[in-house]
Protein chains: 2
Amino acid sequence: MTNPMDQLPARQQQALKTRQKLLQAGKEVFLENGFQKATISQVIKKAKTGYGTAYVYFKNKDELFITLMEDLMNLFYKVAEMPFMPQTKEEAYENIKKQVRMFLQLALDERDMMKIVKEAIGVSPEIDHKWYMIRERFIERILVDIRYAQAQKLAKERLNPALTARGWFYSNEMFMWELVMNKDKYKLDDVIVNLTSMYTGGLYE
Amino acid sequence: MTNPMDQLPARQQQALKTRQKLLQAGKEVFLENGFQKATISQVIKKAKTGYGTAYVYFKNKDELFITLMEDLMNLFYKVAEMPFMPQTKEEAYENIKKQVRMFLQLALDERDMMKIVKEAIGVSPEIDHKWYMIRERFIERILVDIRYAQAQKLAKERLNPALTARGWFYSNEMFMWELVMNKDKYKLDDVIVNLTSMYTGGLYE
DNA sequence: TGTTTGATTGACACTATGTCAATGATATAA
DNA sequence: TTATATCATTGACATAGTGTCAATCAAACA
């Protein structure tokens, strides 16, 4: 047994346990009620702690939710950091398609939580900022990829790489939300292929 | 004088005037404080009416804001309905560019209000739905255009027109918000050209 | 065992919402 | 002109949530 809690004095163990109880209860309350309708009162009730206790561990509802979000966000960061070094246009297409699939699939795997995240982004400036950071990290990464493709003479050099990277991420993000909110309206594969084809080849002959 | 109010009995005139006072005060309060921080109390104070009066004319803060939004939304509908019947790829490019410019310019002209709209979309499901309708109207219109271009053999027929229309609107919308929230970060013309070029021609050679 | 430290608590002050019975002003009918 | 009906207006009230803090309780330590 190497549970890190074993080494701590009983009092800190208790504190950690209380914190965990609040997080677990918080997750349940958020999933059941959505972000706006969830209240601290519901959380403490479910966690079976006193009212003030929640405020000892988290500044407010937003901070509690951000803590819950963090693991999820790290998964997104991982996808953003995927390597990209194609030698041909075809290889680029396959690579891009793969990354799009990973991004969308991750969002769908965490669908219930992502729905709450979307709601929370609109309501809480702190959470909005958190998502903004993820977005910029993706865009930064795409920018590197586009510059690489341009240097390799694979991609059109007259396009502004920064704007192109941003636009490309935006398309992905919006379809991601659409899939999360409205899972059965689209076939995932169709979305991936169309997105990637449009990006690499454009609409007109 | 053909002011429609002249023909109404004095009592209804008074009622309309009170409603107008509330709308005007509401607009000021929203612009000064943003959507979330604005309160009904601030509005009635500015409108110099009793507290309950606001609730006579509007169900709640959301409804009051939606009423304020409506004129703005009609301007967007106008842009969505622009005709599109190009004969050549070049003509299509110019047409599209023009519509993109009108869309982005409109949002920038109404920048202060659009900022509040963005905030309100995240907070209020009713307002979110209102924006959703505008979005779908644009996408519907783009879909017609794409089908037309495909029928004319200008656009690639293997692309899914519904998904392509959606993706294209999403890119426009996201850059619109980016410009509204962050006006000086980008040059409008660069955004328009890059957006349109990507859409019509894609990234890869 | 007594003392200190820090985790836990719920009562409290505060802010906002939406409702409603009472009030007041205008329209209508006698 | 006056009496009555109608409807706009009002603010006090019930309700619901937030965040704070002084008091309490239990573990750690000397």
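Every chain is numbered from 1 and lettered A, B, ... according to where its sequence line falls, protein lines coming before strand lines. A quick note: this is a predicted structure, and the numbers were derived from the prediction, not measured.
Straight-line distance from the CD1 atom of A:Ile44 to the C1' atom of C:dA11: 13 Å, rounded to whole Å. Here the C1' atom of nucleotide D:dA26 and the CD atom of A:Gln13 are 15 Å apart, to the nearest Å. When rounded to the nearest whole Å, the span between NZ of A:Lys21 and C1' of C:dA7 equals 12 Å. Atom CZ in B:Phe58 sits about 18 Å away from atom C1' in C:dT19, given to the nearest Å. In this structure, B:Lys17 places its NZ atom 15 Å from C1' of C:dT26, rounding to the nearest Å. Atom NZ in A:Lys48 sits about 17 Å away from atom C1' in C:dT9, given to the nearest Å. Between the P atom of C:dG18 and the NZ atom of B:Lys59 lies a distance of 9 Å, rounded to the nearest Å. Note: CG (B:Asn33) to P (C:dT15) measures 16 Å, nearest angstrom.
One side chain, A:Gln24 or A:Glu28, offers a donor N or O that lies under 3.5 Å from an acceptor on the other. Using modelled atom types, one finds no donor on one side chain facing an acceptor on the other under 3.5 Å when comparing A:Glu70 with A:Asn74.
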Protein N or O to nucleotides 6-9 of chain D N or O, pairs below 3.5 Å:
from  : atom 1 : to      : atom 2 : distance (Å)
D:dT6 : O2     : B:Arg11 : NH1    : 2.8
D:dT9 : OP1    : B:Thr18 : OG1    : 2.4
D:dT9 : OP2    : B:Tyr57 : OH     : 2.1

Using atom names, set out every protein N or O paired with an N or O of nucleotides 12-18 of chain D below 3.5 Å, distance rounded to 0.1 Å.
from   : atom 1 : to      : atom 2 : distance (Å)
D:dT18 : OP1    : A:Ile40 : N      : 3.4

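The existence of a salt bridge linking A:Lys37 and A:Glu32 is excluded, since no basic side-chain nitrogen approaches an acidic carboxylate oxygen closer than 4.0 Å. Salt-bridge check for A:Glu178 with A:Lys183: failed, with every basic side-chain N at 4.0 Å or more from each acidic carboxylate O.
Using cut-offs of 30° and 60° for the angle between ring planes, the B:Phe30 and B:Phe35 rings count as parallel.
Heavy atoms of other residues, nucleotides or ligands lying less than 6.0 angstrom from NZ of B:Lys61 number more than 12.
Checking side-chain atoms of B:Arg141 against main-chain N and O of B:Met82 turns up a donor-acceptor pair under 3.5 Å.
Between A:Phe58 and A:Arg19, the closest heavy-atom pair is CE2-NH1, 3.8 Å.
The NZ atom of B:Lys21 lies 7.0 Å from the CD atom of B:Gln14; values are rounded to the nearest 0.5 Å.
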